[in-house]
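Sequence lines set the chain letters: A, B, ... in the order given, protein chains first and strands last, and positions in each chain run from 1. Everything numeric here is computed off the predicted structure, so don't read it as measured data.
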There are 2 protein chains.
Amino acid sequence: MKNTKISNAVINRLPRYRRYLKELEKKGVEKISSKEFSELIGYTASQIRQDLNNFGGFGQQGYGYSVKGLREEIEAILGLDREYRMVIMGAGNLGKAIYNYTKTFKGAFRVVGVFEIRKDLIGKKLGTHEIMDYEGIVEFVETEHVDIGIICVDRENAQEVADKLCFAGVKGIWNFARTDIEVPPHVALEVVHLSDSLHALAYHMNDIKKKGGSR
Amino acid sequence: MKNTKISNAVINRLPRYRRYLKELEKKGVEKISSKEFSELIGYTASQIRQDLNNFGGFGQQGYGYSVKGLREEIEAILGLDREYRMVIMGAGNLGKAIYNYTKTFKGAFRVVGVFEIRKDLIGKKLGTHEIMDYEGIVEFVETEHVDIGIICVDRENAQEVADKLCFAGVKGIWNFARTDIEVPPHVALEVVHLSDSLHALAYHMNDIKKKGGSR
DNA sequence: TAGATTGTTAATCGATTAACAATC
DNA sequence: TAGATTGTTAATCGATTAACAATC
């Protein structure tokens with residue numbers, strides 16, 4: 001295995017490659033060249049080949065790539081060939097939202113528990129899950145082999161909840177709280193700032209308007 | 001106004017600058033130098049100054065930046081000084097999730113309608129909103145001055161819903177559907193692929209494990 | 001074998017960082 | 001005025017694209 005550190009830009013394109021490959025597979029396409037793939041996905045053929053060759057030579061000269069084979073390789077690289085057990089921290093609006101969303105998942109990622117600090121919510125149901133007391137999180141992570149903690153609590157509590165999860169032994173944190181958090185180096189962190197995304201959208205809307213006006 | 005096209009990398013940092021400035025304001029901090037800001041936010045002082053100077057000279061030599069002033073400038077740049085009216089397209093799990101999430105918003109972004117294709121859901125309530133028939137979307141966008149369409153429908157219907165929204169006259173699309181969509185150049189598009197984000201998290205978790213093992 | 005297309009090296013482009021003159 | 005810190009130009013770094021030899 002090549003072991004120069006892979007850049008985030010590359011990693012963030014992998015799930016997208018996979019999505020397109022799954023679509024192709026569904027359509028019964030068996031092989032694809034980097035040139036054809038380029039036209040479909042919108043990256044240059046060069047970039048596609050560069051990206052894939054970070055991980056290995058998955059293609060065949062003169063032929064192209066096997067759609068199924070490449071999809072499987074990418075899934076192995078991403079680690080989608082195993083199950084991830086997740087807990088949702090916070091059962092407020094944000095927690096509910098993410099819980100509902102995770103229900104649409106098939107496959108590798110499964111919510112195994114929902115936790116809350118506010119005593120009045122504990123014991124209530126969120127979908128099929130009973131909301132549990134935050135006090136019990138450390139034990140739960142251990143006994144239930146939780147891999148990922150999803151942070152859906154208030155800005156004020158996000159760091160403290162993250163600390164607790166890391167202490168308990170999760171291997172990844174998916175942060176939806178409206179603040180930045182820090183985790184130790186042995187824990188992976190992925191951040192989704194939905195409001196930042198919406199603000200960027202607002203910028204682009206106004207940018208387009210401005211350009212239109214000056215034409 | 002300078003008018004070389006601003007890169008996305010810069011734009012995506014602006015909401016983050018704003019978040020930190022708001023925190024500082026809350027704490028009563030009145031001025032900050034790029035160096036101090038750098039230590040707080042984790043970008044280099046150089047980058048902060050470069051970023052801001054894309055839009056204007058907001059600082060003062062020998063002094064730094066006014067926290068409140070800079071926050072206001074950034075909000076103006078992002079276009080947060082006005083209201084955005086949004087519709088949610090799709091009242092399934094994803095639509096419900098995003099609806100719940102938008103309830104936590106204060107300020108500039110407001111959901112004014114929820115639409116659905118599936119007849120059995122039409123007329124039901126989602127929070128305070130009655131779910132409306134997709135058939136009526138074009139008229140609604142016009143009469144209610146909708147700015148943004150949030151796409152929460154199935155992969156299969158995403159492009160068709162986007163087309164209809166663009167035809168109806170929205171200025172921005174926020175896409176949560178698990179597929180890529182295309183919009184005309186006068187419409188802004190911002191994409192949130194939550195499952196892609198989760199896949200990247202899985203990659204990083206496995207990457208850390210591998211490195212730990214080989215140490 | 002000849003044609004096609006990869007894997008990989010080299011060239012280009014863009015974004016980040018460093019340096020410093022301008023100026024409050 | 002002297003010290004501090006910006007605004008901006010120049011240098012560096014990294015990522016993308018182009019080119020082409022290797023090879024199926």
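- Contact check, A:Y65 against C:dA4: no side-chain N or O comes under 4.0 Å of OP1 or OP2.
- Considering only side-chain atoms of A:Q61, the nucleotide from C:dT23, D:dA22, C:dT16 that sits closest is D:dA22.
- Interface remark: the A:Q50 side chain does not form any donor-acceptor pair with the C:dT6 base, using a distance-only criterion of under 3.5 Å.
- For D:dT5, the OP1/OP2 oxygens have no side-chain nitrogen or oxygen of B:S34 closer than 4.0 Å.
- The base of C:dT5 is not paired with the side chain of A:E36 by any donor and acceptor separated by under 3.5 Å.
- Contacts of A:F58 with the nucleic acid, taken as non-hydrogen atoms under 4.0 Å apart, involve only primed sugar atoms and P, OP1 or OP2.
- Considering only side-chain N and O atoms, B:Q47 lies under 4.0 angstrom from the phosphate OP1 or OP2 of C:dT16.
- A side-chain N or O of A:Y17 and one of A:D51 form a donor-acceptor pair less than 3.5 Å apart.
- Look at A:E25 and A:K22 and you find no salt bridge, because none of the NZ, NE, NH1 or NH2 atoms lies under 4.0 Å from a carboxylate O.
- Looking at B:S46, its side chain comes within 3.5 Å of the base of C:dA18 through a donor and an acceptor atom.
- Look at A:T44 and you'll find a side-chain N or O under 4.0 angstrom from OP1 or OP2 of D:dT17.
- Ring pair B:Y20/B:F37 is perpendicular by interplanar angle, where above 60° counts as perpendicular and below 30° as parallel.
- The closest side-chain donor-acceptor pair between A:Y134 and A:E160 falls under 3.5 angstrom.
- Contact annotation: B:R49 side-chain N/O to C:dC20 OP1/OP2 distance is not under 4.0 Å.
- Pairing partner, D:dC13: C:dG14, with both Watson-Crick or wobble hydrogen-bond distances short of 3.5 Å.
- The base of C:dT5 lies outside donor-acceptor range of the side chain of A:Q60, with no N or O pair under 3.5 Å.
- Searching all strands for a Watson-Crick or G-U wobble partner of C:dC24 with both distances below 3.5 Å returns D:dG3.
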